[in-house]
> 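Take this structure first; my questions come after.
Both counts, for ligands and for their atoms, begin at 1 and track the order of listing. Everything numeric in this text was worked out from a predicted model, so none of it was measured. Residue numbers count from 1 along this sequence.
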Amino acid sequence: MLLILKQNANYSSLKEKLNNSSASYKFLDLYGKKLVVTWPDTYVENIKDESIEIAVKSKRQFPLVSNEWKKDPTIVKVKDVEIGGDRLVVAAGPCAVEDEEQVLTVAKAAKRAGAKLLRGGALKPRTSPYSFQGLGERGLEILRKVGDQVGLPVVSEIMDTRQIDMFKKYADMLQIGARNGQNFDLLKEAGKSGMPVLLKRGLGNTVDEWLLAAEYLLLEGNGNVVLCERGIRTFEKATRFTMDIGGMIAAKLQTHLPICADPSHPAGKRELVHSLALAAVAAGADMLLIEVHPNPEKALSDSEQQLTPDSFELLMNRIRALANVLGRKV
Ligand code: PEP
Ligand code: MN
């Protein structure tokens with residue numbers, strides 16, 4: 001049950017009733033509203049208290065993420081960049097931070113073409129332990145420096161709860177990768193950090209599991225969450241992963257959170273990236289995350305799917321044309 005409280009709520013009488021009900025509960029402040037989330041629902045059905053404005057019995061397993069109580073789309077702010085609402089935000093940058101010149105070249109090109117955020121992995125979750133694992137803290141330092149130089153907030157993947165302080169120092173937005181889409185301890189810590197989070201859908205996760213992962217973040221009082229569809233594992237081998245446009249739309253219909261699409265990882269090949277990106281925009285994505293490298297063939301990770309800066313510029317022109325038809329600003 002989600003109890004929306006009056007702004008002048010008197011917590012003590014309500015707390016007493018909740019304690020007597022033996023329900024689990026948590027008081028939260030989200031999107032300027034005072035809330036209590038309680039479970040299981042049946043324990044609190046009969047509670048009446050003058051602090052309660054509305055009691056919402058959610059039909060879904062993720063009451064906080066659900067748009068049953070919050071009808072207006074959430075706008076997630078990453079520094080001065082707003083994700084959600086009328087605008088379509090594009091984040092671009094290399095798969096992995098390799099060196100300063102590489103990131104600077106891409107960042108300048110991305111900014112010129114209209115990207116609003118700079119992405120780049122400093123810690124890379126690689127399938128093989130023998131593959132390039134990322135530069136670590138040095139990579140974050142480079143990303144921060146270049147982001148400040150070019151004027152783009154930065155988003156980067158965090159892999160472990162022990163890295164929260166390091167990311168607070170260098171990043172503007174935490175990315176939780178597909179392989180950590182259900183790392184519940186990491187979700188809790190990212191929630192507690194209060195930093196904006198880009199939450200990738202786990203590569204074997206259903207839409208409900210993905211939304212429940214986001215619920216972990218909101219339950220820590222962090223409402224700055226963008227959901228990211230990045231392709232799921234299916235039997236299909238023609239693409240690296242299957243970009244689940246239908247799932248993305250299904251998620252959007254159930255949540256107030258903005259939705260991002262990453263066309264690069266499901267594509268696996270450059271040739272597919274433009275069309276997948278445009279498909280996601282047509283399907284209502286609020287944000288795109290696109291891999292761009294100054295010399296993709298020489299990239300230390302995901303070399304087949306990264307776009308050249310020229311190709312990214314062309315894609316941005318296409319995105320703008322489509323967004324214009326759909327009444328969105330880029
Ligand atoms: C990435 O964006 O660099 C990445 C590793 O993505 P994913 O977690 O979706 O594989
Ligand atoms: Mn990658």
Side-chain angles (χ1 to χ4, degrees), residues 78 89-98 102-103 106 110 115 117-129 131-136 139-140 142-143 154-160 163 167 171-183 186-187 190 196-205 207 209-210 213-214 225-234 239-245 247-248 251 259-270 272-273 276-277 280 285 287-308 312:
V78 183
V89 169
V90 179
C95 175
V97 173
E98 295 170 8
Q102 170 231 20
V103 183
V106 172
L117 292 164
L118 176 63
R119 66 145 286 147
L123 301 154
K124 296 305 301 176
R126 305 305 302 279
T127 301
S128 164
S131 300
F132 176 60
Q133 302 284 309
L135 297 182
L140 286 171
I142 292 174
L143 199 64
V154 300
V155 52
S156 197
E157 178 169 354
I158 181 164
M159 300 234 294
D160 190 282
Q163 296 156 353
F167 275 76
D172 300 306
M173 185 180 212
L174 299 175
Q175 179 173 319
I176 297 193
R179 287 154 194 85
N180 277 313
Q182 283 190 308
N183 180 338
L186 183 57
L187 290 167
V197 177
L198 182 63
L199 175 62
K200 297 251 189 146
R201 177 179 177 183
L203 37 100
N205 284 166
V207 169
E209 286 163 343
W210 180 28
V225 178
V226 180
L227 296 161
C228 182
E229 162 62 31
R230 52 77 70 206
I232 50 174
R233 177 55 55 77
T234 69
T239 53
R240 188 177 174 195
F241 295 95
T242 299
M243 183 147 133
D244 186 9
I245 292 273
M248 203 184 91
I259 312 255
C260 172
D262 164 356
S264 301
H265 290 88
K269 297 185 199 84
R270 265 181 280 297
L272 273 72
V273 172
L276 286 177
M287 174 178 168
L288 293 170
L289 181 73
I290 299 171
E291 288 189 342
V292 185
H293 192 285
N295 187 358
E297 256 122 61
K298 292 270 159 60
L300 298 180
S301 59
D302 289 348
S303 71
E304 286 178 40
Q305 72 198 28
Q306 303 204 56
L307 299 182
T308 61
F312 177 68

> Which value, rounded to the nearest 0.5 Å, describes the distance between L174 atom CG and Q163 atom CD?
10.0 Å

> Starting from atom 9 (O) of ligand 1, which protein heavy atom do you reach first, and at what distance in Å?
R230 NE, 2.6 Å

> With heavy-atom distances below 4.0 Å as the criterion, list the atoms of ligand 1 near G177.
8 (O)

> Give the atom numbers and elements of ligand 1 that come within less than 4.0 Å of a heavy atom of K124.
1 (C), 3 (O), 5 (C)

> I'd like to know if E291 pairs up with R119 as an ion pair, taking the criterion as any Lys NZ or Arg NE/NH1/NH2 lying under 4.0 Å from an Asp or Glu carboxylate oxygen.
yes

> Looking at side-chain heavy atoms only, is the closest gap between F241 and D262 below 4.5 Å?
no

> Quick check: of its N, O or S atoms, which one does E291 have closest to the Mn ion (ligand 2)?
OE2

> Considering the heavy atoms of R179, write down every atom of ligand 1 situated less than 4.0 Å from one of them.
7 (P), 8 (O), 10 (O)

> Nearest protein heavy atom to atom 8 (O) of ligand 1, by residue and atom, and its distance?
A178 N, 2.8 Å

> Using every non-hydrogen atom in the two residues, find where M173 and V226 come nearest and quote the distance to one decimal.
CE-CG2, 3.7 Å

> Among side-chain atoms of R240 and Q305, is any donor-acceptor pair under 3.5 angstrom?
yes

> Please determine whether salt bridge (charged side-chain N to carboxylate O under 4.0 Å, His left out) holds for the pair R270 and E297, giving the CA-CA distance in whole Å, both sets of side-chain angles, and the decisive distance to 0.1 Å.
CA-CA 11 Å; R270 265 181 280 297; E297 256 122 61; 3.5 Å; yes

> Are any of the N/O atoms in D262 less than 3.5 Å from those in ligand 1?
no

> Using a 4.0 Å cutoff against the non-hydrogen atoms of E157, which atoms of ligand 1 qualify?
4 (C), 5 (C)

> When you compare the side chains of D302 and H293, does any donor N or O come within less than 3.5 Å of an acceptor on the partner?
no

> Among all protein non-hydrogen atoms, which one is nearest to atom 6 (O) of ligand 1, and what is the separation to 0.1 Å?
K200 NZ, 2.9 Å

> To 10 degrees, how wide is the angle NE2 (H265) to the Mn ion (ligand 2) to OD2 (D302)?
90°

> Mind running salt bridge (charged side-chain N to carboxylate O under 4.0 Å, His left out) on K200 and E229 for me, showing each step along the way?
CA-CA 6 Å; K200 297 251 189 146; E229 162 62 31; over 6 Å; no

> Nearest to atom 4 (C) of ligand 1 by heavy atom, E291, H265, E229, R119: which?
H265

